[in-house]
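Have a look at the structure below, then the notes.
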Amino acid sequence: MPGSPASPPPARPYGSALLVWWSRRPPAAGAAVMATGILSIGLHLTGHGILSRVALVMTAVAWLALAADFAVRLVRRREQWLTEAHSPEAPAAVAATTVLGTGLATLGRPAPAEALLALGAVLWPVLLVTAGRRLHRGMPGTVFLCCVATQGLAVLGAVLARAESAAWLAHTALVLFWLGLVLYGLALALFDPRQVAEGAGDQWVAGGAAAISALAGARLLAADDGAVYLWNADDTGVLRTVTVAMLVLALAGYAVLLVAEVRWPRPRYDTRRWATVFPMGMTAVAALSVAAAVDVPSLRGPGQVLLWVAVAAWLAVAAGALLTALASAGASVRSRAPR
């Protein structure tokens with residue numbers, strides 16, 4: 001009515017507040033997809049089929065949400081998309097895509113895995129170049145995502161090459177494997193070692209990059225299963241040596257980072273903690289895969305232990321993410337409520 005005081009705007013429902021929270025998430029949130037996807041693969045390797053499928057469904061749902069948001073930002077909010085594409089976290093989009101694809105291929109779904117490989121291959125050079133322009137000395141652990149994305153393509157390519165007996169795909173994956181090792185060396189030179197004590201979670205990607213390199217080597221060795229000739233004896237020997245060396249490096253990095261967590265505890269939740277869970281799970285999967293590829297069964301036990309450590313870490317970080325989301329949504333509702 002005229003002269004009546006304006007009615008206060010209605011409080012936003014929790015769903016709307018959660019959408020606001022989602023829109024403000026950092027690009028590093030893609031690590032949650034990677035973390036869940038690698039646990040699905042690890043659970044499959046250890047015979048926990050139902051849990052593996054549940055985790056894979058969660059991975060697919062989260063990936064679809066991120067992919068839709070990625071497309072919306074590209075079409076409607078181009079400046080924001082370009083800003084995020086130039087961040088060191090940008091290659092996580094490729095890594096998350098390849099992890100989901102590897103999970104689907106591992107569970108016998110090659111068709112969608114092929115589509116994801118193609119998508120990752122298209123995104124890879126774009127995001128690698130845009131993110132690479134902002135790299136410099138003293139970087140956090142996200143500097144290793146260029147290596148992780150490249151080795152992710154190598155892993156998925158090797159898995160599909162074995163499934164389809166495609167020699168060309170295996171050789172392409174081998175090229176990506178060696179390129180990933182070069183990128184690992186470059187990232188190591190740019191990484192700030194103080195992040196081991198000060199990082200908010202993404203410092204673990206330094207070890208995760210070594211682990212996914214070992215996994216790529218193991219998958220390349222497994223691709224040469226006799227159905228198609230890929231590597232001669234010298235090639236196989238070099239590949240085995242490098243694969244084992246990268247696994248040793250990953251395990252050593254895991255130990256150093258774990259000691260640093262005890263020495264300098266950082267208990268508060270941070271989105272970058274998903275970048276802790278992913279390397280934990282990746283190290284477990286690498287150990288399990290290398291055990292089979294180089295016929296060292298003694299690695300399987302440690303791999304299983306590391307897998308359940310990663311599951312526990314996933315549960316802890318997921319609980320922190322849920323509590324943070326609810327707190328953010330509650331704060332948004334209260335700020336708009338009538339006073």
Between [X] and [Y], is any pair of side-chain heavy atoms under 4.5 Å apart?
| X | Y | value |
| --- | --- | --- |
| Leu239 | Leu174 | yes |
| Val33 | Val99 | no |
| Arg273 | Arg266 | yes |
| Leu221 | Thr236 | yes |
| Met246 | Val290 | no |
| Trp124 | Leu176 | yes |
| Leu56 | Leu100 | yes |
| Leu307 | Leu43 | yes |

Candidate list Val248, Leu247, Leu249, test side chain to side chain contact (heavy atoms under 4.5 Å, CB included), partner Leu251, passing option: Leu247

Just by modelled atom types, is the [Y] backbone N or O under 3.5 Å from a matching donor or acceptor in the [X] side chain?
| X | Y | value |
| --- | --- | --- |
| Thr243 | Ala214 | no |
| Gln203 | Gly201 | yes |
| Ser52 | Ser40 | yes |
| Arg137 | Ala189 | yes |

Trp178: partners by ring pair (Phe, Tyr, Trp, His ring centres under 6.0 Å), with sequence neighbours left out: none

Counterpart residues, ring pair (Phe, Tyr, Trp, His ring centres under 6.0 Å), relative to Trp63 (two or more places apart): none

Which heavy atom in [X] sits nearest to a heavy atom in [Y], and how many Å separate them?
| X | Y | result |
| --- | --- | --- |
| Ala170 | Ala161 | N-CB, 3.6 Å |
| Pro91 | Ala131 | CD-CB, 3.8 Å |
| Tyr184 | Ala210 | CE1-N, 3.7 Å |
| Val196 | Ala260 | O-CB, 3.4 Å |
| Val94 | Gly120 | CG1-O, 3.9 Å |

Nearest-0.5 Å distance that lies between atom [atom1] in [X] and atom [atom2] in [Y]:
| X | Y | atom1 | atom2 | result |
| --- | --- | --- | --- | --- |
| Thr276 | Glu261 | OG1 | CD | 6.0 Å |
| Gln304 | Leu45 | CD | CG | 10.0 Å |
| Arg194 | Asp192 | CZ | CG | 4.0 Å |
| Leu306 | Leu258 | CG | CG | 9.5 Å |
| Thr102 | Ile212 | OG1 | CD1 | 7.5 Å |
| Thr150 | Leu179 | OG1 | CG | 5.0 Å |

Aromatic ring pairing Trp231/His171, orientation class (parallel under 30°, perpendicular over 60°, tilted between): perpendicular

Donor + acceptor pair across side chains of Thr142, Glu89 (<3.5 Å): no

Connected via hydrophobic side-chain network under 4.5 Å: Val175 and Leu153: no

Within one Ile-Leu-Val-Met-Phe-Trp-Tyr cluster: Val122 and Leu169, side-chain cutoff 4.5 Å: no

Verdict with supporting geometry, Val155 and Thr98, side chain to side chain contact (heavy atoms under 4.5 Å, CB included): CA-CA 8 Å; Val155 170; Thr98 58; over 6 Å; no

Steps toward side chain to side chain contact (heavy atoms under 4.5 Å, CB included) verdict (Leu215, Gln151): CA-CA 9 Å; Leu215 177 60; Gln151 295 292 20; over 6 Å; no

Reference residue Trp204; test ring-ring contact (aromatic ring centres under 6.0 Å, His included); the match among Trp274, Tyr254, Phe191, Phe278: Tyr254

From CA spacing to verdict: side chain to side chain contact (heavy atoms under 4.5 Å, CB included), His48, Val311: CA-CA 13 Å; His48 299 86; Val311 170; over 6 Å; no

